Participant: 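My questions all concern the structure below.
Keep in mind the model is a prediction, meaning the values are calculated, not measured.
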Amino acid sequence: MISLWNDARLVTLAGEQPWGLIEQGALLTRGEQLLWVGPAAEVPAELLQLVQKRHELGGAVVTPGLIDCHTHLVYGGQRANEFEMRLHGASYEDISRAGGGIRSSVTATREASEHQLYAQAAHRAQALMSEGVTTLEVKSGYGLSHVAEAKMLRVARKLSALGLDVRTTYLGAHAVPAEFLGRQDEYIEQVCQWLPQLKRDGLVDAVDAFCEGIGFTTAQTRRVFEAACALGLPVKLHAEQLSDQGGTQLACEFQALSCDHLEYLSEAGIAAMKASGTVAVLLPGAFYFLRETKLPPVQQLREAGVPMAISTDHNPGTSPTLSLLLMLNMACTLFRLTPEEALRGVTQHAAAALGLKDRGQLIAGQRADFCVWNIAHPNELAYYFGRNPLRQVVRGGHVRG
C-alpha cells in the first residue's frame, strides 16, 4: 500500500541545506520503505494516483526515527546506593574495586529469571519508545557466564515484540566475574569460547569490550576482537573513558563500527578513527552522572570529520537515564554540540554506529521510520529538557500504537 504523509516540515538530514530541511514537504511510503521525499507541490502525479491512504500533518516537524545506539538495558536490580556513595566521595574505581559496580549487577542479573529480566527491560524500552526511539542497541555484559550472557541476549531479542528494531551486542568482556578474579586471561579465553554458540543461536549482531585500567588490556581485547572477526561479526569498544589505553587505535585496526565514551581520546586515536570510518559515540549521561570534568575532544573530532553519535548509555551504575531527548540537550550544554549535530547523533550517525545503512535519514529507499513532533523547528528537540513533544511514531510505514 502507498501512503501519503502531507504538509510537514521535513528534517531529512540529507542534501546541502541545514538540517536537510524541506518546508511544506511530503513523504510517500510503500510498505516498510520511503518511496518518495520532497516538496509537497512536487509529488509526481503518477504516484499520487496510486495513493491509498492520506495523512495530513498540519505543518508538524518530521524527523527520522530516533536510534539509541549504546544501551545496557537488560539487567537485574539497581545501584542507587552507589550513587549515594559517590556523593560521599567514593570514585567509580573505588566502588568497582570494593566489589560494587558491574559485579553487583552481575549478581542481581544471574539471580533474576528470564521473565523478570524481560518485564524490567520492557518497561525501560517503552520509556525510550515514548520519546521516538525506533531502533535500539542492547548489550549483554551483566551475566559474565555462558548461561547468563545467553539469557540476557535472548531477553534483548524479545524486546522487538514491543514494536522496535533491536540490535544485540555481546559484551562478555565487560568485567571479570568473582569466580575468575586474578585470572583475567582465563576469563577472556572463556569469553571467546562462548561466542560461536551465541552466534549460532542467532543472538549476536556485534561484539564489544571494556578496554580500561579497571577492565581489560589491549592484548586481551585483541583476543576478543580476533574471535569476533573469525566469525564475521563487527566490533565496537568502550574506549578511553577513564584513561588513555590506546583501545581506540586497536579497535580501528579491526574497522570497528564505533568507539564509545572517548573522554581521554588522543590525537592518534582521532586519526585512527578518521582513517577507519569509525563512529565516535558520545555519552553525556555518564559524563554528567559521574561528575566528570575531562571533556571528550569534540572540536578535534569535528575538525577531523569523525561522525559523532549520541546515546543514553542506559545502565544501572553510571547512566540510569531513559530519555534520549535529554541526551540531546546534554550533548549541547555539556559537550557543545550544535542542535543539528546532536540530532544527527541520534539518527544518521547512530545508524552508522550500528552498521545500519537503511535508516537515519529521510530519503527514498530507506526504512519508513520517522517521528512527528509538535514543534516549530527541529532545534527545539535539543532546547527543551523535561518536555516530550512527540505526536506520532511511524515505524516500517505503520503508525506505532
Participant: Any donor-acceptor pair under 3.5 Å linking the side chain of Glu23 with the backbone of Arg9?
Facilitator: no
Participant: Is a donor on one side and an acceptor on the other found under 3.5 Å between the side chain of His314 and the backbone of Thr321?
Facilitator: yes
Participant: Verify, without hydrogens or angle tests, whether Gln366 (side chain) and Ile363 (backbone) share a donor-acceptor contact under 3.5 angstrom.
Facilitator: no
Participant: Which atoms form the tightest heavy-atom contact between Gly141 and Ile102, and what is the distance?
Facilitator: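 Nearest heavy atoms, Gly141 then Ile102: O-CG2, 4.1 Å.
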Participant: Would Gln190 and Glu186 satisfy side-chain hydrogen bond (donor to acceptor under 3.5 Å, both in side chains), going step by step from the backbone distance to the final call?
Facilitator: CA-CA 7 Å; Gln190 291 298 303; Glu186 290 180 44; over 6 Å; no
Participant: Determine the interplanar angle of the His238 and Phe210 rings, folded into 0 to 90°, and report it as parallel if under 30°, tilted if 30 to 60°, perpendicular if over 60°.
Facilitator: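 Plane angle over 60°, so perpendicular.
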Participant: Give a yes or no answer on whether the side chain of Gln392 reaches the backbone of Val372 with a donor-acceptor pair at less than 3.5 Å.
Facilitator: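 It does not hold such a pair.
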Participant: Flag the pair Arg110 and Glu179 as a salt bridge only when some basic side-chain nitrogen lies within less than 4.0 angstrom of an acidic carboxylate oxygen.
Facilitator: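 Here Arg110 pairs with Glu179 in a salt bridge, since their nearest N and O are under 4.0 Å apart.
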Participant: Is it true that atom CD of Glu253 has more than 12 heavy atoms of other residues, nucleotides or ligands lying nearer than 6.0 Å?
Facilitator: yes
Participant: If I compare all heavy atoms of Tyr118 with all of Val155, which pair ends up nearest, and what's the gap?
Facilitator: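 Closest pair (atom of Tyr118, atom of Val155, distance): CA-CG1, 3.6 Å.
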Participant: Does CD in Glu32 sit with more than 12 non-hydrogen atoms of other residues, nucleotides or ligands closer than 6.0 Å?
Facilitator: no
Participant: Ignoring hydrogens and angles, tell me if any N or O in the side chain of Gln33 forms a donor-acceptor pair with the backbone of Gly365 under 3.5 Å.
Facilitator: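 Such a contact is found between Gln33 side chain and Gly365 backbone.
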Participant: Taking Glu82 for its side chain and Gly101 for its backbone only, find out whether a donor-acceptor pair lies under 3.5 Å.
Facilitator: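 Here the side-chain-to-backbone pair exists.
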Participant: Within the 4.5 Å heavy-atom criterion, are Phe216 and Val176 side-chain neighbours or not?
Facilitator: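 Phe216 vs Val176: side chains touch.
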Participant: Could you grab the distance from atom CG of Leu325 to atom CD of Glu131, nearest 0.5 Å is fine?
Facilitator: 4.0 Å
Participant: Nearest 0.5 angstrom please: Leu295 CG to Leu334 CG, how far?
Facilitator: 8.0 Å
Participant: Can you name the one residue among Lys236, Glu137, Lys139 that meets side chain to side chain donor-acceptor pair (under 3.5 Å) with Thr169?
Facilitator: Glu137
Participant: Can you tell me how far the CD atom of Glu292 sits from the OG1 atom of Thr318, to the nearest 0.5 Å?
Facilitator: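 If we round to the nearest 0.5 Å, Glu292:CD and Thr318:OG1 are 9.5 Å apart.
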Participant: Quick one: does any side-chain atom of Thr109 pair with a main-chain N or O of Gly76 as donor and acceptor, under 3.5 Å?
Facilitator: yes
Participant: CD of Gln126 to CG of Leu128: how many Å apart, nearest 0.5 Å?
Facilitator: 10.5 Å
Participant: One pair to check against side chain to side chain contact (heavy atoms under 4.5 Å, CB included): Arg86 and Phe289. What are the steps and the verdict?
Facilitator: CA-CA 10 Å; Arg86 281 197 296 272; Phe289 196 74; 2.7 Å; yes
Participant: Would you say that Val61 contacts His377 through its side chain, given a criterion of any heavy-atom pair below 4.5 Å between the two side chains?
Facilitator: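 No; the side chains remain at least 4.5 Å from each other.
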Participant: Decide whether Glu189 and Gln193 meet the rule of one side-chain donor and one side-chain acceptor closer than 3.5 Å.
Facilitator: yes
Participant: Looking only at heavy atoms, which two atoms of Ala156 and Thr168 are closest? And how far apart?
Facilitator: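 Shortest heavy-atom contact: CB-CG2, 3.8 Å.
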Participant: Please confirm whether the backbone N or O of Asp313 pairs with a side-chain atom of Asn315, one donor and one acceptor, at under 3.5 Å?
Facilitator: yes
Participant: Any sub-3.5 Å donor-acceptor pair from Tyr170's side-chain atoms to Val191's backbone N or O?
Facilitator: yes
Participant: Considering non-hydrogen atoms only, spot the tightest contact between Gly143 and Val106 and give its length.
Facilitator: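 Answer, listing the atom of Gly143 first, then Val106: O-CG1, 3.7 Å.
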Participant: Are side-chain heavy atoms of Val224 and Cys192 found at a separation under 4.5 Å?
Facilitator: yes
Participant: What are the two closest non-hydrogen atoms of Ser140 and Gly172, and how far apart are they?
Facilitator: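 Nearest pair, atom of Ser140 first, then Gly172: OG-N, 4.1 Å.
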Participant: In the structure I gave you, are the side-chain heavy atoms of His349 and Cys69 within less than 4.5 Å of one another anywhere?
Facilitator: no
Participant: If you round to the nearest 0.5 Å, how far is CG of Leu283 from CE of Met327?
Facilitator: 9.5 Å
Participant: With rounding to the nearest 0.5 angstrom, report the CD to OG1 distance, Gln184 to Thr217.
Facilitator: 7.0 Å
Participant: From the options Arg157, Arg400, Arg367, select the one residue that forms a salt bridge (Lys or Arg N to Asp or Glu O under 4.0 Å) with Asp165.
Facilitator: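 Between Asp165 and the candidates, salt bridge (Lys or Arg N to Asp or Glu O under 4.0 Å) is satisfied uniquely by Arg367.
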Participant: Using the ring pair (Phe, Tyr, Trp, His ring centres under 6.0 Å) rule, take Trp5 and Phe370 through it: C-alpha gap first, then chi angles, then the decisive distance, then the call.
Facilitator: CA-CA 11 Å; Trp5 310 78; Phe370 53 91; 5.2 Å; yes
Participant: Hey, could you give me each pair passing salt bridge (Lys or Arg N to Asp or Glu O under 4.0 Å) that has a residue in residues 258-270? Not counting sequence neighbours.
Facilitator: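 Of all non-adjacent pairs touching residues 258-270, none passes salt bridge (Lys or Arg N to Asp or Glu O under 4.0 Å).
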Participant: Taking the cut-offs as 6.0 angstrom to the six-membered ring centre and 45 degrees off its axis, would you call Arg183 and Phe180 a cation-pi pair?
Facilitator: yes
Participant: Closest heavy-atom contact between Ala364 and Leu35?
Facilitator: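 Reported closest heavy-atom pair: CB-O, 3.5 Å.
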Participant: Run the side-chain hydrogen bond (donor to acceptor under 3.5 Å, both in side chains) check on Glu212 and Ser243 step by step: do they pass?
Facilitator: CA-CA 7 Å; Glu212 188 52 75; Ser243 60; 2.3 Å; yes
Participant: Would Arg124 pass as a cation-pi partner of Tyr75, given that its NZ or CZ must be under 6.0 Å from the six-membered ring centre and within 45 degrees of the axis?
Facilitator: yes
Participant: So does Glu46 have more than 12 non-hydrogen atoms from other groups sitting under 6.0 Å from CD?
Facilitator: yes
Participant: Check for a donor-acceptor pair, side chain of Glu114 on one end and backbone N or O of Lys151 on the other, with a separation under 3.5 Å.
Facilitator: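 No; judged by distance alone, with no hydrogens or angles, the pair does not exist.
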Participant: Asp185 and Gln220: side-chain hydrogen bond (donor to acceptor under 3.5 Å, both in side chains), yes or no, with the steps?
Facilitator: CA-CA 7 Å; Asp185 286 333; Gln220 291 163 341; 2.9 Å; yes
Participant: Do Pro389 and Glu380 come within less than 4.5 Å of each other through their side chains, counting heavy atoms only?
Facilitator: no
